[in-house]
Amino acid sequence: MTDYYETKTHPITKRMVLDAYKHVRDNGGSTGIDGISISDYAEHLSANLYKLWNRMTSGSYLPALVKEVKIPKKSGGTRSLGVPTVEDRIAQQVVKSYLEPKIDGSFHPSSFGYRQGKSAHHALAQTHKWCKHLSWVIDLDIKGFFDNIDHGLMMKAVERYTQEKWVLMYVERWLKAGVMKDTGIEDRDKGTPQGGVVSPLLANIFLHFAFDKWMEKNFPTIKFERYCDDIIVHCASIRQAEYLKERISQRLNDCKLELNEAKTQIVYCPSGRHQERHSKRSFNFLGYTFRPRWINNKQGGELAFTPCMSSTAKKSVMESVR
């Protein structure tokens with residue numbers, strides 16, 4: 001009997017491809033550039049999955065163009081999503097399911113986005129906790145993060161976790177896949193499409209080295225929360241916040257990213273009766289607004305810095321209800 005590994009170049013099993021299809025099917029999603037939906041793909045499921053498996057194991061699999069879709073942002077304007085085809089989403093899920101369990105445990109405990117056992121609510125709870133103890137926050141916004149990830153640095157980061165040639169080969173192909181826009185095909189020399197199955201994992205890998213590990217090494221006592229590219233950093237004083245903001249900006253520049261200066265802000269988080277003057281006294285994080293509120297208690301009440309649903313989130317909910 002011929003051994004599997006004597007006939008195939010890359011160790012991808014049919015079970016890996018089938019399980020990846022089930023993940024993609026359960027998550028749903030729109031059609032890619034080929035117009036084939038998940039239900040269309042399922043009409044000839046065995047043949048389609050066998051073809052994909054055969055191409056991935058032989059190294060001949062090449063991703064299709066990514067379809068650009070504009071979606072409205074809660075804060076106004078639109079955001080570009082890159083929608084791969086159903087087949088490309090299955091292929092990306094194969095790599096994600098293989099790689100994620102091996103590396104997730106090495107991520108920083110204050111990294112909450114798109115991770116097993118962690119959620120936005122965990123990030124919000126930790127943010128609330130540290131706002132009680134530390135009176136200053138840096139609300140960081142990375143300018144066009146998904147559109148500006150450097151491919152060379154991204155591949156170096158992935159190589160720190162795996163030397164599997166098939167994983168590295170397919171990640172690089174997905175990074176370089178062109179985008180079909182209204183104006184035509186655009187080749188990509190940086191960035192990863194926000195909408196791909198593997199993109200959140202790649203984002204976590206990149207920022208694990210670009211931010212989390214750097215903070216851990218250089219500022220081990222500083223508390224922060226990161227949900228993908230949304231980052232909150234807690235400081236004890238405004239001087240510390242200003243210094244850290246400058247150092248983080250330099251670090252991101254070294255990683256070929258930059259802060260969005262218009263949206264990045266230093267915020268004062270007042271609580272209790274001791275107050276300082278500062279123009280910024282609120283920030284938004286994961287659909288919630290953190291700001292000072294008067295809380296009634298047995299002593300008559302006190303000022304507390306607490307979260308509630310943001311105005312943009314309320315507006316979105318009301319529009320959905322209508």
Side-chain angles (χ1 to χ4, degrees), residues 63 66 79-82 84 88-89 91-116 118 120 123 138-164 166-177 179 188-219 222 224-233 244-245 247-260 263-264 286:
V66 176
R79 175 187 289 111
S80 294
L81 288 185
D88 287 340
R89 298 210 295 273
Q92 289 185 21
Q93 185 64 52
V94 169
V95 170
K96 182 184 177 186
S97 296
Y98 172 82
L99 194 57
E100 192 170 42
K102 300 177 185 299
I103 68 177
D104 187 79
S106 71
F107 288 159
H108 196 281
S110 290
S111 169
F112 294 94
Y114 308 104
R115 295 185 58 194
Q116 288 291 328
K118 290 181 178 286
I138 314 172
D139 178 13
L140 295 169
D141 187 276
I142 302 176
K143 191 174 183 178
F145 171 68
F146 280 92
D147 294 332
N148 292 300
I149 292 176
D150 182 80
H151 287 176
L153 293 177
M154 182 76 257
M155 292 308 301
K156 284 183 180 180
V158 177
E159 286 168 7
R160 293 282 295 273
Y161 279 118
T162 183
Q163 292 299 311
E164 288 283 355
W166 66 277
V167 173
L168 299 174
M169 176 177 66
Y170 289 135
V171 167
E172 187 169 23
R173 288 181 184 178
W174 289 320
L175 290 174
K176 293 181 177 179
V179 180
R188 193 168 58 218
D189 57 3
K190 63 179 180 178
T192 179
Q194 190 175 356
V197 169
V198 79
S199 293
L201 178 60
L202 295 181
N204 273 337
I205 291 173
F206 191 93
L207 285 174
H208 174 70
F209 293 108
F211 183 81
D212 302 352
K213 293 291 288 183
W214 178 80
M215 287 288 290
E216 191 177 67
K217 178 182 177 181
N218 294 279
F219 304 101
I222 296 296
F224 69 88
E225 294 81 37
R226 182 175 67 78
Y227 194 94
C228 199
D229 62 326
D230 292 328
I231 306 172
I232 298 296
V233 180
L244 265 174
K245 178 176 175 287
R247 288 292 306 274
I248 291 168
S249 179
Q250 292 172 1
R251 172 60 179 173
L252 292 176
N253 288 341
D254 291 341
C255 297
K256 302 184 180 181
L257 295 170
E258 63 177 306
L259 283 182
N260 186 333
K263 294 184 178 180
T264 295
L286 303 177

[Y] backbone acceptor or donor facing [X] side chain under 3.5 Å:
X: Ser199; Y: Pro193; answer: yes
X: Asp104; Y: Glu100; answer: no
X: Ser110; Y: Phe224; answer: yes
X: Asn148; Y: Lys256; answer: no
X: Thr264; Y: Asn260; answer: yes
X: Arg89; Y: Val197; answer: no
X: Arg226; Y: Ser111; answer: no
X: Gln92; Y: Val198; answer: yes

May I ask you to test the [X]-[Y] pair for a side-chain heavy-atom distance under 4.5 Å?
X: Lys143; Y: Leu257; value: no
X: Glu216; Y: Asp212; value: no
X: Phe211; Y: Val233; value: yes

Answer yes or no: are there more than 12 heavy-atom neighbours, outside [X] itself, under 6.0 Å from its atom [atom1]?
X: Lys118; atom1: NZ; result: yes
X: Tyr161; atom1: OH; result: yes
X: Arg160; atom1: CZ; result: no

### Tyr98 and Thr162: side chain donor to acceptor below 3.5 Å
no
